[in-house]
Protein chains: 2
Amino acid sequence: MLIKNDFDVRRLLACPPPTLRILTSAPNLNFHPTLDLTDRSSIMPAMTPDIDTRTRILLTAREMFHGRSYSDVGIQEICDAAKVQKGSFYHFFPSKRELAMAVIDNMADDWAYGFVAEAFDPDLPPLVRLDYMIDAAYYWQVAASNMEGRMPGCLFGNLALEMSTRDDVMRAKLNAVFNKAMNKFRVTLDEAVKNGSLAAMDTEATATAMLAYLEGIILLAKTRNDPKVILHLGPAIKTLRIELSH
Amino acid sequence: MLIKNDFDVRRLLACPPPTLRILTSAPNLNFHPTLDLTDRSSIMPAMTPDIDTRTRILLTAREMFHGRSYSDVGIQEICDAAKVQKGSFYHFFPSKRELAMAVIDNMADDWAYGFVAEAFDPDLPPLVRLDYMIDAAYYWQVAASNMEGRMPGCLFGNLALEMSTRDDVMRAKLNAVFNKAMNKFRVTLDEAVKNGSLAAMDTEATATAMLAYLEGIILLAKTRNDPKVILHLGPAIKTLRIELSH
DNA sequence: TCCAATTTTGACCGACCGGTCATCTAAAGC
DNA sequence: GCTTTAGATGACCGGTCGGTCAAAATTGGA
């Protein structure tokens, strides 16, 4: 059982917090979540007009940016889906760009306090955390895949490739998100080295390599539209090593 | 000396073939190309109106799609840069989408017969080919970086993340490009296993993992806007291993 | 109850999007 | 010389883009 509990797919998929479910799974085996992931009726932000307008815009945009791309999604389309007038949109967000920034922050928070926090649980043995992270990524893509019919990949990776050459501030913001994630890996590796389960290495470089690998397999899985790629290639993340430069 | 000769940056950067230059370098050290990469005057397709219109459109589009993104680049903009009327554009390409398809084919060809062929030279020891590939990726990004001021990353990776959820045919095409690249890795690994420089492994899975890692470090390098990330993390590609499932 | 601030509305803006088309030009084949 | 055809031209299409705005509706505090 890797994904232990309180793992809320709906939140990750830009949805208002539903009742929590307990998800169980065997490591690197298909999950059998209790959620009916084909039922989208309850998870669209627009369907729950009780949440405030700004949040509705934010979550709708997040889902659309994630499933498509920044340029491909128009403000009008976001407003329609969020059941908000365009004028209202510009009351809460000065521009599309600033919306994207807010989306990144929002997703980064959900990420950090969601399944990333769970995967990098200090109570878990360091190396198990790596498997956990792969597992979570896989499960997360399967869930999204079942809902949208296609793998959305990693929002940060998507935006990074799309926006890095167009907006340096957004690039830096995405880079900061990646750095935070890298640090989770680094702390884990440091601990593994300390307790002897791994030989001494350049933990920062290796952590960065692991993050790159994670993004890489998600990219490839998305291109194949097959989340199983993550399961298949993921465990090899533990073989990555960069020695200390002397 | 990894990048040995006939390595034509200008072609890779969507340019008409100039006179070839001999480039020399030490493995995993900064290259010192003989090209003045800050001089863009001679490499813009539009500046050489002697090449035929279709090619001019193709190469201009390739450069723009690579440096920005599919959605961000408009047909009018491509036509202006290629010094072509919009009507002429639609004489050669039925749609923007088909242009992108042609761009992918064109880049894939240049790639396969360009520095990929050079990196995976059968005369090189298998493991050296991997270093060569990393080196080529690094040099290629540095060159593009020097010209554009920012890292464009991998055209295929960029398009894959942008288009996979929007166009299944384009996704499949990009997937085919990745599969071809994966096969280069696989053949290399098979050879390495055969000659004993690597222990037996699942070469297909490991090859896929290596490709994913390559795309991953390019993604991260682009997000940091620093090609050196490729040099720093790249060599760890050789540590990736996926065992044969028994 | 009244006021002031917040939020919502929907019409509107100019620019640009991908794409069409009738017309013109120029070269090739005979 | 004449015809056929590939290529080039630039005006034009409906639609959508991101963004604006004045006015109306709603809210909450005094």
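All chains are named by letter (A, B, ...) in the order of the sequence lines, taking the proteins before the strands, and each is independently numbered beginning at 1.
Atom CD in Gln76(B) sits roughly 12 Å away from atom C1' in dA11(D) (whole-Å rounding). One atom, CG of Asp72(B), and another, P of dG18(D), lie 12 Å apart when rounded to the nearest Å. Atom CD1 in Ile57(B) sits about 11 Å away from atom C1' in dG7(D), given to the nearest Å. Counting to the nearest Å, the C1' atom of dT20(D) and the CD1 atom of Ile75(A) are 12 Å from each other.
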Start with the C-alpha distance between Leu231(A) and Asp135(A), add both sets of side-chain angles, then the distance that settles side chain to side chain contact (heavy atoms under 4.5 Å, CB included), and finish with yes or no.
CA-CA 7 Å; Leu231(A) 264 196; Asp135(A) 238 37; 3.8 Å; yes
Side chain to side chain donor-acceptor pair (under 3.5 Å) assessment of Arg56(A) paired with Ser88(A):
CA-CA 11 Å; Arg56(A) 225 161 58 237; Ser88(A) 275; over 6 Å; no
Report the C-alpha distance between Lys228(B) and Asp226(B) in whole Å, list the side-chain angles of each, state the deciding distance to 0.1 Å, and finish with yes or no for salt bridge (charged side-chain N to carboxylate O under 4.0 Å, His left out).
CA-CA 5 Å; Lys228(B) 284 199 297 295; Asp226(B) 180 11; 3.5 Å; yes
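For DNA chain C, the outermost nucleotides in 5' to 3' order that have an atom under 4.0 Å from a heavy atom of chain A are dT7(C) to dG10(C).
Residues that satisfy the side chain to side chain donor-acceptor pair (under 3.5 Å) test with Lys86(B), not counting sequence neighbours, are absent from this structure.
Contact annotation: the side chain of Asn179(A) approaches that of Arg224(B) to within less than 4.5 Å [non-hydrogen atoms, C-beta and beyond].
For a distance-only test at 3.5 Å, the side chain of Lys86(B) fails to qualify as a donor-acceptor partner of the base of dG10(D).
For the residue pair Thr60(A) and Ala82(A), the shortest heavy atom distance occurs at OG1-CB, 3.4 Å. Heavy-atom minimum distance, Asp167(B) versus Met170(B): OD1-N, 3.0 Å.
Among Trp111(B), Phe156(B), Trp140(B), the single residue meeting the ring-ring contact (aromatic ring centres under 6.0 Å, His included) criterion with His66(B) is Trp140(B).
Proximity of residues 87-97 of chain B to DNA chain D (heavy atom under 4.0 angstrom from any strand atom) is restricted to Gly87(B), Ser88(B), His91(B), Phe92(B).
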